[in-house]
Amino acid sequence: MSKTLAVAKWEFVEKVKTKAFIIGLVMMPLIMSLFGILPGLLTKSEEEQAKKIGIIDETHFISPQLQTQFYEKYKLKDGSPIYQVVPIVDSDLGTEQLKVIASAKLTSGEIAGYFIIPFNVVDSGKVEYRSENVGNVRDQERFSRVLEEIILERRASTAGYDPAVIKKLTKDVDIKTIKVSKEGTEKESGFLDTFFTGYIFIIMLMFLVMTTGQMLIRSVLEEKSNRIIEVLVSSCSSRELMMGKILGLALLGMTTVIFWIIILLGVNIASPIPFAGFENIVLPLIYFVLAYLMYVAVFIMAGSTVSTEQEAQQMTQYVSLVLILPIVLAVPVMLNPDSLIVKILSQIPFVAPTMMIMRFSVQMPEWWEIGLSIFTLLITIWLLMWMAAKIFRIGILITGKRPNFKEIISWMRTE
């Protein structure tokens, strides 16, 4: 045990003093802030200058109402309107000729885009929008909402109803979301804080596994290349060496996680609107540790079999693909956390930790699911550690030729 602790201490002290570790310790919270806060700020921020939107209005009654409603609803910080409606009209020209004029204005930058409102828009409800940037969903949504109001009022008037009454009856409903736990406690919660609670843990796990995993592979690879590994093995057993590396890097990882969590908690408390909830943090941390140990075992096996930097990078990329999968599935899991496929994925070892962490932030799974997934992970970790010890014992002394799958199986069979 003393030799294992000596290896662990050496691994921890050597890695914690590196510039890469110190930079990564600070960069992760900054990256999380950028990924979490910046998109929201960019989405919510208003334009700094007004936009001119052209209108080819075949009905001749919609464009004046558009102009009036936009002036009232959407304004810049100085009080001036965001949108300036530019009617494109000419009594001597048809719609096709007006399109040519509008396209020329669009190309010259005089207008940001233009709508074509057909004469039968009240019946069809179809409008065409042309612009160089059709990805601005916010502008299109605003125009769509105002057009719907105008068309609805026109339909109501034509049918003999009072537009004011119809507008009052069709007023939008504002839904306030309250998250209720199985114990009956209630808390106001929205999409963002529910999403980021699980998302933060997954990003931290991915970043931690990738950084410490690479450190582990590079450490073993460097020792194999410099033939230092032979001196180490002559001083301690391969099992002591492996466990020392795992313990040292685990301490390094836990130090990093504790530092990140303290920063995130501080920012979350100081923020006027908390971006994540950390009330039930114990279960996510348990899965976090189990996932870390599982992936460390994988990196040990990978580091024992590679002999070059290129092979090490390939191994790291393969593991990263498995870690990225839950991020891709994050939104579907939030929409339907109790679906059969999500429950099945929650029991598959290499994706179970991240899937369960995401489910905790949305809706607490059944206790039998939690118990079964933890039991499966423990069995998987034990099996992977056993395999890693067998491969590590022989692989650390093999240089040059990369072993094939058959040779690796024979290593695990040796006593």
Side-chain angles (χ1 to χ4, degrees), residues 15 24-25 28 31-32 195-217 242-243 245-261 264 276 278 280-303 315-330 333-334 337 341-362 364-365 367 369-389:
K15 299 296 186 298
L25 199 65
M28 181 60 190
I31 292 172
M32 285 302 306
F195 177 76
F196 280 116
T197 301
Y199 185 75
I200 285 171
F201 274 98
I202 294 175
I203 293 296
M204 283 198 304
L205 176 62
M206 184 177 72
F207 193 86
L208 185 64
V209 168
M210 296 304 297
T211 51
T212 56
Q214 285 181 344
M215 287 181 184
L216 180 59
I217 291 181
M242 185 189 80
M243 294 308 298
K245 286 182 175 293
I246 292 175
L247 183 59
L249 288 174
L251 289 173
L252 188 73
M254 290 304 104
T255 303
T256 306
V257 170
I258 291 171
F259 181 81
W260 290 344
I261 290 178
L264 287 173
F278 295 100
N280 187 12
I281 199 174
V282 177
L283 282 172
L285 281 177
I286 291 173
Y287 277 94
F288 191 96
V289 173
L290 292 175
Y292 182 76
L293 292 175
M294 180 174 59
Y295 283 110
V296 163
V298 174
F299 277 111
I300 286 175
M301 289 188 285
M315 288 293 181
T316 306
Q317 290 172 0
Y318 296 150
V319 178
S320 65
L321 291 176
V322 180
L323 288 166
I324 291 172
L325 178 61
I327 299 176
V328 177
L329 299 175
V333 170
M334 289 192 65
I341 188 169
V342 171
K343 289 184 176 181
I344 292 173
L345 289 172
S346 299
Q347 304 302 327
I348 298 175
F350 285 101
V351 294
T354 46
M355 294 298 291
M356 292 298 284
I357 288 172
M358 182 60 68
R359 290 179 67 186
F360 289 145
S361 64
V362 182
M364 183 64 68
W367 284 108
E369 292 185 72
I370 299 173
L372 179 60
S373 64
I374 290 177
F375 177 76
T376 305
L377 283 170
L378 289 173
I379 295 296
T380 304
I381 291 169
W382 177 85
L383 181 61
L384 288 172
M385 287 296 180
W386 177 83
M387 294 169 59

K.L.:
Using every non-hydrogen atom in the two residues, find where S346 and A352 come nearest and quote the distance to one decimal.
P.N.:
O-CB, 3.1 Å

K.L.:
Just how far is it from atom CE of M294 to atom CE of M385, taken to the nearest 0.5 Å?
P.N.:
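Separation between the atoms: 10.5 Å.
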
K.L.:
Just jot down the side chain to side chain contact (heavy atoms under 4.5 Å, CB included) partners of V296, sequence neighbours excluded, or say none.
P.N.:
L216, I246, Y292, I300

K.L.:
Which atoms form the tightest heavy-atom contact between I357 and P284, and what is the distance?
P.N.:
CD1-O, 3.9 Å

K.L.:
Using side-chain contact (heavy atoms from CB on, under 4.5 Å) as the criterion, point out the one residue from L290, I370, V351 that pairs with M356.
P.N.:
I370

K.L.:
Would a 4.5 Å heavy-atom cut-off, applied to side chains only, mark I348 and L345 as touching?
P.N.:
yes

K.L.:
If you count the non-hydrogen atoms of other residues, nucleotides and ligands that lie under 6.0 Å from CG in L285, is the total more than 12?
P.N.:
yes

K.L.:
Scan for salt bridge (Lys or Arg N to Asp or Glu O under 4.0 Å) pairs involving residues 369-378, sequence neighbours excluded, and state none if there are none.
P.N.:
R359-E369

K.L.:
What residues form a side chain to side chain contact (heavy atoms under 4.5 Å, CB included) with T376, not counting sequence neighbours?
P.N.:
Q347, P349, L372, T380

K.L.:
Which residues satisfy the side chain to side chain contact (heavy atoms under 4.5 Å, CB included) test with I379, sequence neighbours excluded?
P.N.:
F375

K.L.:
If you take all heavy atoms of Y295 and F350, which pair is closest and at what distance?
P.N.:
OH-O, 2.6 Å

K.L.:
Does S373 have any side-chain hydrogen bond (donor to acceptor under 3.5 Å, both in side chains) partners at least two apart in sequence or in another chain, and if so, which?
P.N.:
Y287

